[in-house]
Amino acid sequence: MRTSQYLLSTQKETPADAEVVSHQLMLRAGMVRKLASGLYTWLPSGLRVLNKVADIVRQEMNKAGAIEMLMPVVQPADLWQESGRWDEYGPELLRVKDRHNRDFVLGPTHEEVITSLVKNEISSYKQLPINLYQIQTKFRDEVRPRFGIMRGREFTMKDAYSFHTSDESLQQTYQGMFQAYCNIFERLGLEFRPVIADSGSIGGAVSHEFHVLAESGEDAIAFSDSSDYAANVEMAEAIAPVTEQVPAMSVKTQVATPDVKTIQQVCSHFNITADKTVKTIVVLGAENEKGQQDLVALVLRGDHSLNNIKAEKLAEVYAPLTMATDAQILEKINCEVGSIGPIGLPIPIIVDRSAAHLTDFVCGANETGSHLTGVNWDKDIADYQIADIRNIEAGDPSPDGQGTIEIKRGIEVGHIFQLGEKYSSAMGCGVLNEQGKHQILTMGCYGIGVSRIVAAAIEQNHDKYGIIWPDAIAPFKVALIPMNMHKSHRIQQVAESLYEQLVSAGIEVLFDDRKERPGVMFNDMELIGIPHTIVIGERNLDENKVEYKNRRSGEKQLVEIDNVLSLVADC
RNA sequence: CGGUGAGUAGCGCAGCUUGGUAGCGCACUUGGUUUGGGUCCAAGGGGUCGCAGGUUCGAAUCCUGUCUCACCGACCA
């Protein structure tokens, strides 16, 4: 490809609304342009990268025995009503009507369509297991699209769905996908980690996320420093402290604490650290048979934070997690927020494992402007239960018993689930089994954010000059930069000849044949992130040499013209 | 959904307080100059100042409404 005949669209200045590096560089390098919030046009060089990522995904999926197909973006509402997600899915599901006033949705995912297809097409256990996938545009009307391609509303996703007559078969395919995902991210040249995840609203039991590690990641991941353990902090189990419980020494004492409301204030008032205090959070309880809601108290150590997802899963707690209002608290407990504590509460009390490990701690007295010191479980509070309701933190013991937890940030680029029968039973998707009986199928589902991978790769691979593509997904492998070609026939000849050689060797080369100054060309090629550069200049031509430069290492070397092709081909 | 801020040329911005019909840098066009890391000089083209309404002799500027976009928040006892 010649730059003079290409749409480079590079820019010097960063558009003001680009926040993260990948977004800035994708705009500057001319990969994408924004059309509206969360909607982007892929320009030629961006599309090249996107297609490369998709190709690698496709190859590895095929290798793992999955079969490619393609489903519509627009889906009829009745499928979604059948699965129940028409009501479950919130405003993130974009609903549209056609000219006959029939309801449709823009597919944020394709469980309904595939399940309905398999229900009709597959009728015998002999046809199973089967794993079908597509690489398709998805639409999710995100609350807050941001970070450019990273969290757009329209995006490219690879989604695969497997169908089985037994859990063993599902396990097997799930393992196969787990391995295929590792292969994919390996080939893409990204630093990644599979982590244990929450299965979220899609449902199902077992689930892993694949994260590309990057500072700007939206998810926090808990790692063990001495084992393979890795889990999303949403999920990571916070185990009870492994240290011996300190024997209780004190007797509870009520202390007047006007204007002491936060844990910070409690600490400075009593001159203690937050891990000697307890905070009591009041949330709405689950509805009883009559549909009435009581309140529930969640007790955490002062320095810990509540994990909403864990709390929501408790039978006693209303989901989604909802904080009680000040008025509700005043009515039920007769005390202001800021002085609540577990002693004498008229509502169920759930205590985090770490908080339950404390002795002689400080907490609110359930009397406005008053706290208690020297409080101890069992002695002072009889009726409570213990659960894991906090976020794991750096320095905590790893839940697998090996090592200590470290927290890093990651970008979720893949997610695999064992779905079970959620969709197949709702939609009656089954086959006749060996006994000739109708059997509902069990499902797995496996997603990869193809477009997000492009952004994630940049987050992980860039410097102050621009993008540094891993070879596997670079838009071009080689940049050919002639110096002042318009003034030198010799340079033009060598450049044209090298270009031709590279092209016929099947190497993707971007030949910068613009009448530009060298600095402009260098800067553009570095911004775009082409891994290998060949510079042709008068100086070196006298010795029949050209310069090779590696984008990542910055290493330069002079190479005989005749050796350039093999050097680049071997990279 | 809540909070904050912003919409002026393709991009980055000034002008608005104190109303008088729009400017700078980059990019673009032409000519010259320069040529191993974003040359320099000159001459050009390009904007219904987000949209609608109002005040006024006169509105980018003041008022009202509306749309769009961005950032922050949705962890607090």
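The sequence lines fix the lettering, A, B, ..., with proteins before strands; numbering per chain opens at 1.
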[atom1] spacing across the pair [N] / [M], given as an integer number of angstrom:
N: C51(B); M: G44(B); atom1: C1'; answer: 32 Å
N: G20(B); M: U30(B); atom1: P; answer: 37 Å
N: C13(B); M: A6(B); atom1: C1'; answer: 13 Å
N: G47(B); M: C40(B); atom1: C1'; answer: 28 Å
N: G50(B); M: G45(B); atom1: P; answer: 24 Å
N: U66(B); M: G2(B); atom1: P; answer: 13 Å
N: G65(B); M: G5(B); atom1: P; answer: 16 Å
N: A60(B); M: C49(B); atom1: C1'; answer: 5 Å

Classify the nucleic acid contact of [X] as base, sugar-phosphate or nothing, counting any heavy atom under 4.0 Å across all strands shown.
X: N540(A); answer: base
X: V282(A); answer: base
X: G537(A); answer: base
X: S305(A); answer: base
X: E547(A); answer: base
X: T280(A); answer: base
X: K487(A); answer: base

Contact state string [nucleotides 2-13 of chain B, B base, S sugar-phosphate only, - no protein heavy atom under 4.0 Å]: ---------BSS
Please report, rounded to the nearest Å, how far the [atom2] atom of [N] is from the [atom1] atom of [X].
X: E516(A); N: C28(B); atom1: CD; atom2: P; value: 7 Å
X: R153(A); N: C69(B); atom1: CZ; atom2: C1'; value: 11 Å
X: L8(A); N: C28(B); atom1: CG; atom2: P; value: 12 Å
X: H304(A); N: A77(B); atom1: NE2; atom2: P; value: 13 Å
X: I263(A); N: A77(B); atom1: CD1; atom2: P; value: 6 Å
X: E538(A); N: U34(B); atom1: CD; atom2: P; value: 17 Å
X: L300(A); N: A77(B); atom1: CG; atom2: P; value: 9 Å
X: R517(A); N: G37(B); atom1: CZ; atom2: C1'; value: 9 Å

Check: V246(A) main-chain N/O paired with T359(A) side-chain donor or acceptor under 3.5 Å: yes
Can you tell me which nucleotide in [options] comes closest to the side chain of [X]?
X: D524(A); options: A77(B), C71(B), G38(B); value: G38(B)
X: V520(A); options: G38(B), A70(B), G36(B); value: G38(B)
X: M483(A); options: G36(B), G37(B), G38(B); value: G36(B)
X: N523(A); options: G37(B), A77(B), C69(B); value: G37(B)

Any-strand Watson-Crick or G-U partner of [N], both distances under 3.5 Å:
N: U68(B); value: A6(B)
N: G25(B); value: C11(B)
N: G46(B); value: none
N: A60(B); value: none
N: G31(B); value: C41(B)
N: C1(B); value: G73(B)
N: C16(B); value: none

Measure the shortest side-chain to side-chain distance between [X] and [Y] over non-hydrogen atoms and say whether it is less than 4.5 angstrom.
X: K34(A); Y: D17(A); answer: yes
X: S339(A); Y: S370(A); answer: no
X: N461(A); Y: R552(A); answer: yes
X: L213(A); Y: F223(A); answer: yes

Cationic N near anionic O, under 4.0 Å, R390(A) to D303(A): no
Short N-O contact, K487(A) and E538(A), less than 4.0 angstrom: no
Separation of T156(A) OG1 from R452(A) CZ (nearest 0.5 Å): 12.5 Å
Under 3.5 Å donor-acceptor pair, K556(A) side-chain atoms to G36(B) base atoms: no
Pair of N/O donor and acceptor under 3.5 Å linking G37(B) base with E526(A) side chain: yes
N/O (side chain, N308(A)) to phosphate O (OP1/OP2, C75(B)) under 4.0 Å: yes
Centroid-centroid distance, W377(A) to F361(A), less than 6.0 Å: yes
Those residues that, when tested against D463(A), pass side-chain hydrogen bond (donor to acceptor under 3.5 Å, both in side chains) (two or more places apart): R551(A)
